[in-house]
Amino acid sequence: MKSRIITLITDFGTADTYAGVMKGVILSINAIAMVVDITHEIAPQDVWGACFALHTAYPWFPKKTIHLVVVDPGVGSERRPLLIETKNYFFIGPDNGVFSAVLAGQGKKSVYKITDSAFLLPEVSATFHGRDVFAPIAAHLAKGIPPSRMGTVVSDYVRLDWPQPMAVKAGTVEGQILHIDRFGNLITNFSRPYVRELTGGSDFYVRYAGKSINQVVPSYAYAKPGQLCSVFGSSNFLEIAVAGGSAAALLKARRGDPVMLLKK
Amino acid sequence: MKSRIITLITDFGTADTYAGVMKGVILSINAIAMVVDITHEIAPQDVWGACFALHTAYPWFPKKTIHLVVVDPGVGSERRPLLIETKNYFFIGPDNGVFSAVLAGQGKKSVYKITDSAFLLPEVSATFHGRDVFAPIAAHLAKGIPPSRMGTVVSDYVRLDWPQPMAVKAGTVEGQILHIDRFGNLITNFSRPYVRELTGGSDFYVRYAGKSINQVVPSYAYAKPGQLCSVFGSSNFLEIAVAGGSAAALLKARRGDPVMLLKK
Amino acid sequence: MKSRIITLITDFGTADTYAGVMKGVILSINAIAMVVDITHEIAPQDVWGACFALHTAYPWFPKKTIHLVVVDPGVGSERRPLLIETKNYFFIGPDNGVFSAVLAGQGKKSVYKITDSAFLLPEVSATFHGRDVFAPIAAHLAKGIPPSRMGTVVSDYVRLDWPQPMAVKAGTVEGQILHIDRFGNLITNFSRPYVRELTGGSDFYVRYAGKSINQVVPSYAYAKPGQLCSVFGSSNFLEIAVAGGSAAALLKARRGDPVMLLKK
């Protein structure tokens, strides 16, 4: 079980050289690795943001891809470095909840605490485990070293709760904005299966920021320019959108804001 | 006619995982593809901006490179997915004018509407054809599938007019700012051959934002720091620049602003 | 002595296509080159910023890596294109001081002025030597062309002084902020060996922006959230940091600001 693809999700940005240094370390250990940037623009130390980004991206990669996530406010403390093996993928990063969505998924998972320093850089700093711990582990894994040689199985890893919609009264549930994307789309935690089950297929509308959003369209282009609408987006969550504009700007939206879903 | 290089021009930004997901899809279909980011920072839904970016970048890549452009405000509507084959390159993206500069070029071109769903993802969403349509087509094309197997030839594709300078009176033409780059250089639509023909090689100057810019220099370093000048830039368009500074900031310039070119 | 890895440090940003065009040129000359972005977010024409970025990144790459740096305010002028060979790496870019930290290092170095136009693009513009000069040289070097075939040895290259801390009175030295990173950490020019020698291992504190920063911690997580602290960071320079926050924002810091180090 071997892969040469290593993806990166970090909060390092692209102005500093931190992400580049990780690539250098990976290629120094494994010259045939293929490093794929998913994003380095997670907000600094935003563990939940990284968890959401990983959730939306990882299943689209080839089997055996190694997903490396370095959003690590606890670097240098007692928080443990993890290596997770699922049926189709590997995940490497700090034990701070960033893998919660992966760990909540179906199927057998083996979770290892990385313990063998033979697979780390010879000198491990207290401030940059992306370079000294996680990148080397990923590079060695991509060379075919089995996870069980790098660490020991643990079960008491950190899990964040994925925010779930809650019924507030008959016919009304409260969800929230999970993510705001570059287009200003507000991605809620109302998944398509959840809405289908809740409404039994009948009509619904959304209330947010004092507005009722009645129009559910298949895609942004079906609404008039400038019009608020809702759409089941590409990750199967209901989004609040403005055709040709930004719902986030129009509604001054913030991640975590409550959103109401109501049966018509 | 086969290539493993697939370039990306999108308006997805790099904070969301959309571009990363496209890379995952490409590599899932074609493990030896080499994905090269040109830019993901096209302004949201800015079809013209993507057209200009493509124009400046595509001829510098190896023959048979596949250029994938996903700036797609009409996603999910009736707008068609296109695959274009020219003498040297392939282009894949929505039929919204983004390929206008390519299609205006010399030489034989075959333009296909993508019709065969066998080369798309099994489930095609209404909101993310970059992932479900265009990335898979590119990946299959890079495996050697001929374009004619993926679609049917069309001739009624969308073409945007490239803005042309216009004579406004004897010795004066009006052009416009096509693009403002990171250095604050204002790239006009006065191409070097156009200016040569217009002026017959005699001197000229530029008027913009109430200022006459008399100095035409070979490169920015030939002007004094802080001085306005004009330069034929790397894409052979006349640029208004400030040595060691930003003409855009100094002149509060905006894309599309008119610029006058006058014979001395 | 051959490598296929070519890293890029530029001030081109990622919204324009300049960096993408360089990749196209490299791959056109050398189809098996692997281009690795370190950063394109050096501030426009910030030679010192590029010098610092290179210093922090280059030693982490495999031996024989070719590091290409294009921050080039003097493009098109008489400033020379350089190719530097050290024991472990190659460096290519303009002779403007960007390689000062490399050239100040130990070990034999050969510095070549690039003179042979056979290894450049056929037409060399005055404004984009990243595309027309530096990318082609890197691509040919990665094919195994020896540096001595591309140019002639020079010794009068530009060197910037790395800012050194200075004693201002007994027990007090003045340093400065070399860099502010994405997390708002203020990276000073007090290196770990320098501080060790200066203080003889005894305690010290830092003064900056009217504040005394007494707590030296092994990593950010050892300070209370919101608390100012100092840390020897991943490049072995002392940093001023705020746990879970931004020291730069809190202290309105700017690169180049003086910072005092005092023995307790």
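In what follows, every chain begins at residue 1, and chains take the letters A, B, ... in the order their sequences are listed.
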Considering all heavy atoms of both residues, which atom of [X] and which atom of [Y] are nearest to each other, and what is their separation?
X: C:Pro62; Y: A:Gly24; result: CD-O, 3.8 Å
X: C:Ser234; Y: A:Tyr18; result: OG-CE2, 4.0 Å
X: A:Ala126; Y: C:Ser219; result: O-OG, 2.9 Å
X: C:Ala221; Y: A:Pro73; result: CB-O, 3.8 Å

Side chain to side chain contact (heavy atoms under 4.5 Å, CB included) between C:Glu239 and A:Thr127, intermediate numbers included: CA-CA 11 Å; C:Glu239 300 177 8; A:Thr127 60; 5.6 Å; no
Between C:Pro218, C:Gly49, C:Pro59, C:Gly184, the one whose heavy-atom pairs under 4.5 Å with chain A are most numerous: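 Of C:Pro218, C:Gly49, C:Pro59, C:Gly184, C:Pro218 has the most heavy-atom pairs under 4.5 Å with chain A.
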Top contributor to chain A contacts, counting heavy-atom pairs under 4.5 Å, from C:Tyr58, C:Tyr222, C:Phe232: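 Going by pairs under 4.5 Å, I would pick C:Tyr222.
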Among the listed options A:Ile26, A:Leu27, A:Val25, the residue most often paired with chain C at heavy-atom distances under 4.5 Å: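 Going by pairs under 4.5 Å, I would pick A:Leu27.
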Interface residue of largest heavy-atom contact number with chain C, from A:Ser125, A:Ala15, A:Gly20, under 4.5 Å: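 Of the options given, most contacts go to A:Ala15.
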Please classify the contact between [X] and chain C as side chain, backbone, both or neither, with a heavy-atom cut-off of under 4.5 Å.
X: A:Glu123; result: neither
X: A:Asp37; result: neither
X: A:His40; result: backbone
X: A:Ile29; result: neither
X: A:Arg79; result: neither

A:Phe12 and C:Phe183 aromatic ring geometry - parallel, tilted or perpendicular at 30°/60° bounds: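 Taking A:Phe12 first and then C:Phe183, their aromatic rings stand perpendicular (interplane angle over 60°).
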A:Lys109 atom NZ, neighbour heavy-atom count above 12 within 6.0 Å: yes
Verdict with supporting geometry, A:Thr14 and C:Arg182, side chain to side chain contact (heavy atoms under 4.5 Å, CB included): CA-CA 9 Å; A:Thr14 52; C:Arg182 192 195 190 210; over 6 Å; no
What part of [X] gets closer than 4.5 Å to chain A, counting heavy atoms only: side chain, backbone, both or neither?
X: C:Ile42; value: neither
X: C:Phe52; value: neither
X: C:Leu8; value: neither

Full working for side chain to side chain contact (heavy atoms under 4.5 Å, CB included) between C:Trp60 and A:Thr17: CA-CA 11 Å; C:Trp60 301 96; A:Thr17 60; over 6 Å; no
Nearest-0.5 Å distance that lies between atom CD1 in C:Ile187 and atom CG in A:Asp16: 6.5 Å
